[in-house]
Amino acid sequence: MKMRLLVVALCLLFLFLHLYSVSALNSDGLALLSFMSHWTFVPPRINSTWIPSHSTPCSWEGVQCDTATRRVVSLNLSYYHIPGQLRPEIANCTQLKDLDLSYNYFTGQIPHSFNNLHKLTLLDLSINLLTGSIPTSIGNMTQLRYLYLQNNTLSGTIPSTIGNCTQLQELFLNFNQFQGVIPHTLNTNLLRFDVAGNKLTGTIPFGSSSGCQNLLFLDISFNFFSGGIPSAIGNCTSLSQFAAVRCNLVGTIPSSIGLLTKLSILHLPENHLSGKIPPEIELQLGGNLFGGRIPRSVGALQNLIYGLNLSSNGLMGDIPVEIGKLKTLQMLDLSQNNLTGSIQVLDELPSLVQINISYNSFQVVRHPMVWFAPKAAAI
Ligand SMILES: *[C@@H]1O[C@H](CO)[C@@H](O)[C@H](O)[C@H]1NC(C)=O
Ligand SMILES: *[C@@H]1O[C@H](CO)[C@@H](O)[C@H](O)[C@H]1NC(C)=O
Ligand SMILES: *[C@@H]1O[C@H](CO)[C@@H](O)[C@H](O)[C@H]1NC(C)=O
Ligand SMILES: *[C@@H]1O[C@H](CO)[C@@H](O)[C@H](O)[C@H]1NC(C)=O
Ligand SMILES: *[C@@H]1O[C@H](CO)[C@@H](O)[C@H](O)[C@H]1NC(C)=O
Ligand SMILES: *[C@@H]1O[C@H](CO)[C@@H](O)[C@H](O)[C@H]1NC(C)=O
Ligand SMILES: *[C@@H]1O[C@H](CO)[C@@H](O)[C@H](O)[C@H]1NC(C)=O
Ligand SMILES: *[C@@H]1O[C@H](CO)[C@@H](O)[C@H](O)[C@H]1NC(C)=O
Ligand SMILES: *[C@@H]1O[C@H](CO)[C@@H](O)[C@H](O)[C@H]1NC(C)=O
Ligand SMILES: *[C@@H]1O[C@H](CO)[C@@H](O)[C@H](O)[C@H]1NC(C)=O
């Protein structure tokens, strides 16, 4: 009798273990399968490895787990071109640190449930078809360092709660439909900020209300700002690349730009900037309304590697000999001004591969590297 009971008990135990081993996919795995069930195409490498009978998703394509807890810490489905919906269940993987879903065709909104992802340091949803706005709950992702949302169709305002993401270093919101102002709450640890190609308005906050001591890269091009370039931009002393192409800038370029000694690219074409070019600067200023001469201090811009574009600025007079100090300069566009004198100094620029001096009034001393535009033979 006792023997029979023991056998029955053992059988039940084996049955239980067997059931357990086939059905015990953990909650992270269930969340991933649920996410996958909303894709209209499942790439073969994912279909063949995301196996429901596993107990964890740790060996699945694109998934990495913590070795001790077997919880998912990284999901990278970048470049799979997956058509599907971005679903709130991913937020059930509450231990996620990196979530990279870039280069897919995900539709829908950024789920509010993402505020559960307290450990997330990287969120890359760039190059997808997402709509809607950034949830204000983004401020709950206090570990977030890298947020890439570029090239979607996101709209609404940039929530000021993003200032609660105090670890944020890179914020890429370019090529969306964001409107309203750049929040003044952006954290001061930010290294790279890109909002090019949106519908933003208001003033440029950097340097005054929004700290920027660490900012290396700033691109605010193709927006509708008012108020011009603030002189406080001179506080952003780490700035190496600053682009503000066609974004409705008016007024003069503040001389505080000269404080930005690390600047290697300044790109300001297609605005309504006027007045003299401050002696401290130049670079990509083509198509503005400057006049006068090329400042001799242009020779101080020795960090300038790529280009100097002074095209269409109504400049007069000679090319200053100091330009010969820009030994690393590769591109020089002086076209469409009223410059006169000799172009001999250009022989001293050993790195120059691209130059345009057409539509000026130079006394031509033929320069071997000069490209001559059709009318340039008459310069
Ligand atoms: C996600 O978690 C919620 C709450 O814990 C639960 O109700 C839901 O069933 C889970 N969904 C999936 C797909 O795991
Ligand atoms: C996905 O894998 C299952 C087997 O796990 C297979 O039956 C099915 O045809 C696969 N689907 C695609 C789209 O490859
Ligand atoms: C995801 O994978 C792609 C290509 O496989 C890689 O370039 C990218 O750096 C990965 N993302 C993360 C966050 O590691
Ligand atoms: C942020 O998280 C806290 C708890 O950590 C929660 O009480 C609060 O509702 C969350 N806020 C948002 C906006 O999600
Ligand atoms: C952001 O921080 C402020 C306090 O600094 C707090 O009142 C607010 O609820 C936080 N918002 C979120 C979304 O975490
Ligand atoms: C992002 O959008 C811009 C503007 O439409 C486009 O020029 C760029 O090629 C896009 N980037 C990618 C990787 O698709
Ligand atoms: C930034 O610059 C402005 C003017 O250039 C100055 O008045 C202000 O004190 C500076 N702010 C900080 C935080 O350094
Ligand atoms: C210089 O700027 C003008 C005006 O924006 C632009 O048309 C031209 O293509 C630029 N030159 C080069 C070489 O990029
Ligand atoms: C050059 O100067 C002449 C008058 O001296 C002026 O009519 C013309 O508009 C100027 N050209 C440019 C490109 O500024
Ligand atoms: C030089 O500049 C002129 C006027 O800006 C432009 O029409 C021409 O195409 C440029 N030449 C080359 C080779 O880019």
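All ligand and atom numbering here is 1-based and tracks the order in the structure. All values reported here derive from a predicted model rather than from experimental measurement. Keep in mind that the numbers below use all heavy atoms, side chains included, and drop hydrogens, waters and symmetry copies.
For atom 14 (O) of ligand 1, the protein comes within 4.0 Å by at least one heavy atom. Within 4.0 Å of atom 11 (N) of ligand 6, at least one protein heavy atom is present. For atom 2 (O) of ligand 6, a protein non-hydrogen atom is found at a distance below 4.0 Å.
Contacts of Phe222 with ligand 6, taken as heavy-atom pairs under 4.0 Å, are absent altogether. Counting heavy atoms under 4.0 Å from ligand 6, residue Asn174 does not touch it at all.
Closest to atom 4 (C) of ligand 1, if we only count protein heavy atoms, is Asn92 ND2, 4.6 Å. For atom 8 (C) of ligand 6, the closest heavy atom belonging to the protein is Asn151 ND2, 3.8 Å. Counting protein heavy atoms only, atom 5 (O) of ligand 6 is closest to Phe175 CD2, 4.3 Å.
Nearest heavy-atom pair, Leu332 versus Ile323, reported as atom, atom and distance to 0.1 Å: CD1-CD1, 4.4 Å. Taking all atoms of both residues into account, the shortest heavy-atom contact from Met36 to Trp50 is SD-CE3, 3.8 Å. For Pro159 against Ile138, the heavy-atom pair with the smallest separation is CG-CG2, 4.0 Å. In plain terms, the two heavy atoms of Leu154 and Leu149 that are nearest each other are CD1-CB, 3.8 Å. Here the closest heavy-atom approach between residue His54 and residue Thr49 is recorded as CE1-O, 4.3 Å. Shown here for Pro205 and Ile182, the closest heavy-atom pair between the two residues is CG-CG2, 3.7 Å.
Ring pair Tyr79/His81 is perpendicular by interplanar angle, where above 60° counts as perpendicular and below 30° as parallel.
Near Tyr103, the atoms of ligand 6 lying under 4.0 angstrom from a non-hydrogen atom of the residue are 13 (C). Atom numbering of ligand 6 starts at 1 in the shown order; those under 4.0 Å from a heavy atom of Ile127 are 12 (C), 13 (C). Atoms of ligand 1 found under 4.0 Å from any heavy atom of Ser34 (numbered from 1 in listed order, with element): 13 (C). Near Glu89, meaning under 4.0 Å from one of its heavy atoms, ligand 1 places the atoms 13 (C).
If you run side chain to side chain contact (heavy atoms under 4.5 Å, CB included) between Leu86 and each of Asn128, Leu129, Leu125, only Leu125 comes through.
Taking the six-membered ring for Trp and the full ring otherwise, the centers of Phe206 and Phe193 sit less than 6.0 Å from each other.
At least one N or O atom of Asp333, backbone or side chain, sits closer than 3.5 Å to an N or O atom of ligand 8.
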